[in-house]
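As C-alpha cells, the structure follows; a few thoughts come after it.
Counting convention: from 1, in listed order, for ligands and their atoms alike. Atoms considered below: every heavy atom in the structure, side chains included; atoms not considered: hydrogens, waters and symmetry mates. Keep in mind the model is a prediction, meaning the values are calculated, not measured.
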Amino acid sequence: MFDFSERVLLVTGAAGGIGRAVAQEFVTGGANVVMTDINYDATIEAAQAVDPLGTRTEVIRMDATATADIERAIERCMTRFGKLDYLVTAAAIFEGDPFDTMTDEQWRRTISANLDSVFYICRRAVRVMTDGGAIVNVASEAAHTGGSPKHAHYGATKAGVLAFTKTIARELAPRIRVNAVSPGTIETPMVSCWLDEHGPDYINTIPMRRLGTPRDVAQAIAFLCGEAAGYITGTTIHVNGGSYVGA
Ligand SMILES: NC(=O)c1ccc[n+]([C@@H]2O[C@H](COP(=O)([O-])OP(=O)(O)OC[C@H]3O[C@@H](n4cnc5c(N)ncnc54)[C@H](O)[C@@H]3O)[C@@H](O)[C@H]2O)c1
C-alpha cells in the first residue's frame, strides 16, 4: 500500500473508471482528494463509494476545458485542504469519427477535452503546488501506436499529452516531477462500445490475456506520485498487459 498521509491530490475525470480508481487508491493511502468531473451527479456517487463519510474528499463540478471552473476548483482545494501535492489528469473523451468526414467541430471537441484541458489545469495547479509535488497525465497506448480507426483526433491529443508532459517535466524540475501513464485497453465505460465492436477474441491478442482494470492504472499513477519515484520525471509507464512493446 502507498503512504499518502497528509497529502492532497486533485484528480480530473474522477467520475470515470480510472479517475475513481485513482481517488480510491489515494484515499486508501491516507490522502485527501479533490474529485473533479464535468458530471457532478456521477462524481458525488463515486465519492460516496470511495469515502462514505465524506471527510477525505471534496467533490467539484469542473469542466476541465473551462478555465473559470479550474480557478474555482483550485480555490476550493486550497480552502478545504490548504495545499496541493499531486495532480492527476484523467478527464477525456473518446469519440468515433472517421477522419475523412471529420468536422472541424468534432476535431476541436476532442482536442479541447483531451489536450487543452491538460494544459489549463497543469498551468494553474503548478502555481500552488507544494515543492516536491508530482503531476501524472493520463495518455494512452494510442499516443505510441496511433489511434484505432475513427480516432485520429484522440490519438493526436494523446501524443500531444506525452510531448507536453516531457516538456514541462524539464521546466518544472527540480520542484515538481511530471510523468505520464499510457494505458492499453482498460475496462471502463469509455471503451465499452469499442469492446462490443471488437468482441471477446480481442482479449486473446493481449499477452496477459485480460483487459486492464482501472486499479492497474491507478497503482502505476500512485507509484509515480510516491517517494519511490523520487528520481523519475519526464517519463511514461505503459500499463497494457504487453499489448504494445515499443522500440
Ligand atoms: N479505458 C481505456 O481503455 C483507456 C485507454 C487509454 C487511455 N485512457 C485514458 O484514461 C483516462 C480515463 O478514462 P476512463 O477509461 O476512466 O474513461 P471514462 O469515460 O470512464 O472517464 C472519463 C471521465 O472524464 C470526464 N470528462 C470528459 N470530459 C470532461 C471535461 N471536459 N471536463 C471534466 N471531465 C470530463 C467524464 O465525465 C468521465 O467521468 C482518459 O484520459 C482516457 O483517455 C483510457
Side-chain angles (χ1 to χ4, degrees), residues 10-25 34-47 49-50 59-70 72-73 87-96 108-122 124 135-148 151 153-162 164-165 180-198 202-203 206 210-218 220-221 236-241 243-244:
L10 187 150
V11 57
T12 73
I18 291 172
R20 178 200 282 230
V22 168
Q24 180 70 72
E25 202 64 40
V34 179
M35 297 177 67
T36 72
D37 198 286
I38 198 166
N39 185 340
Y40 183 69
D41 291 344
T43 319
I44 292 278
E45 197 193 307
V50 163
V59 172
I60 302 175
R61 187 208 170 269
M62 186 190 90
D63 176 350
T65 70
T67 52
D69 281 11
I70 289 172
R72 207 167 38 245
L87 170 67
V88 174
T89 61
I93 56 174
F94 182 65
E95 296 183 344
R108 272 299 329 152
R109 192 162 52 237
T110 293
I111 300 292
S112 173
N114 297 9
L115 184 57
D116 293 355
S117 64
V118 177
F119 162 59
Y120 292 149
I121 185 78
C122 288
R124 182 61 185 89
I135 296 173
V136 180
N137 294 320
V138 182
S140 170
E141 190 175 328
H144 309 267
T145 61
S148 46
H151 298 108
H153 42 14
Y154 181 85
T157 60
K158 293 302 185 176
V161 166
L162 281 192
F164 173 75
T165 298
V181 290
S182 282
T185 308
I186 311 297
E187 211 162 3
T188 74
M190 178 171 276
V191 291
S192 55
C193 291
W194 187 89
L195 282 171
D196 290 346
E197 224 176 274
H198 287 75
Y202 168 72
I203 292 172
I206 302 170
R210 67 170 177 88
L211 298 173
T213 65
R215 188 159 187 240
D216 288 326
V217 182
I221 290 171
T236 304
I237 293 187
H238 292 257
V239 186
N240 58 28
S243 62
Y244 167 68

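In terms of the side-chain contact (heavy atoms from CB on, under 4.5 Å) criterion, residue partners of Arg109 (sequence neighbours excluded) are, by chain and number, Ile93, Glu95, Glu105, Gln106. In this structure Asp116 satisfies the salt bridge (charged side-chain N to carboxylate O under 4.0 Å, His left out) test together with Arg108, sequence neighbours excluded. Partners of Ile44 by side-chain contact (heavy atoms from CB on, under 4.5 Å), not counting sequence neighbours, listed by chain and number: Tyr40, Gln48, Val59.
The protein residues lying under 4.0 angstrom from ligand 1, judged by non-hydrogen atoms, are Gly13, Ala15, Gly16, Gly17, Ile18, Asp37, Ile38, Met62, Asp63, Ala64, Thr65, Ala90, Ala91, Ala92, Ile93, Val138, Ala139, Ser140, Tyr154, Lys158, Pro183, Gly184, Thr185, Ile186, Thr188, Pro189, Met190, Val191.
There is a side-chain donor-acceptor pair under 3.5 Å between Tyr202 and Thr185.
The CD1 atom of Ile38 lies 6.0 Å from the OG1 atom of Thr65; values are rounded to the nearest 0.5 Å.
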* Which is it for Thr236 and Leu162 under the side-chain contact (heavy atoms from CB on, under 4.5 Å) test, yes or no, and what are the steps along the way? -> CA-CA 8 Å; Thr236 304; Leu162 281 192; 3.5 Å; yes
